[in-house]
Amino acid sequence: QAPLVESGGGSVQAGGSLRLSCLAHGYPSNWAYCHGWFRQRPGYEREEIADIDNRQRPTYANSVKGRFTISKDYVKNILYLQMNNLKPEDTAMYYCAARRCGETTWLRWGQGTQVTVSP
């Protein structure tokens, strides 16, 4: 029931960097939970771009591999997405989410934060 809260979005020129944060108020450090970052461009369906499991093993969509880094702080209960070498096609609403590892249903979502990349 406790919400996830994203921050760190904004407007940046191509080649720039942003770091998104996802704060889970009252969310315990639970190794049974996995987390991910999603994005949705206007007119396109939402896609997962990064995932991290309860052993801190990340996976990435090919579109962001080598440019984005997902990580989480189990003490502060913060999920991060470091975005480097941003491209105009990265412009989207970005969402964080949580699920139980081994399951496919995403249980908690953030409200979204806008990222706009200009040429």
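- Atoms CE and CZ, on M93 and R46 in that order, are 10.5 Å from each other to the nearest 0.5 Å.
- The nearest pair of heavy atoms linking A92 to Q114 is O-NE2, 3.5 Å.
- The line from SG of C34 to CZ of R100 is 11.5 Å long, rounded to the nearest 0.5 Å.
- Nearest approach of P58 to I70, heavy atoms of both residues: CB-CG2, 3.6 Å.
- Residue pairs meeting the salt bridge (Lys or Arg N to Asp or Glu O under 4.0 Å) criterion with at least one member in residues 59-68, sequence neighbours excluded, are R67-D90.
- Atoms CD1 and CG, from I78 and D73 in turn, are 6.0 Å apart once rounded to the nearest 0.5 Å.
- Taken to the nearest 0.5 Å, the CG atom of L18 stands 8.5 Å off from the CD atom of Q82.
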inquiry  = Let's go through R39 and S63 carefully: what are the C-alpha distance in whole Å and the side-chain angles of both, what is the deciding distance for side chain to side chain contact (heavy atoms under 4.5 Å, CB included) to 0.1 Å, and is it a yes or a no?
reply    = CA-CA 12 Å; R39 70 183 182 187; S63 59; 3.5 Å; yes
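- Linking Ile, Leu, Val, Met, Phe, Trp and Tyr residues whenever their side-chain heavy atoms come within less than 4.5 Å leaves M83 and Y80 in two separate clusters.
- A donor-acceptor contact shorter than 3.5 Å is absent between the side chain of T116 and the backbone of T91.
- Between L79 and S71, the shortest heavy-atom distance links the atoms CD1-O, 3.4 Å.
- The ring of F68 has its center no closer than 6.0 angstrom to the ring center of W37.
- Note: the hydrophobic cluster containing I52 also contains Y94 (ILVMFWY, side chain heavy atoms under 4.5 Å, direct or indirect links).
- The shortest side-chain heavy-atom distance between H35 and L4 does not fall under the 4.5 Å cut-off.
- The aromatic rings of W109 and Y95 lie perpendicular to each other, with more than 60° between the two planes, well past the 30° mark.
- Interatomic distance, L81 CG to Y60 OH, rounded to the nearest 0.5 Å: 8.0 Å.
- Rounded to the nearest 0.5 angstrom, Q40 CD and E45 CD are separated by 8.5 Å.
- Within 6.0 Å of CD on E89 lie more than 12 heavy atoms contributed by other residues, nucleotides or ligands.
- The main-chain N or O of L20 is never found under 3.5 Å from a side-chain atom of E6 such that the two would form a donor-acceptor pair.
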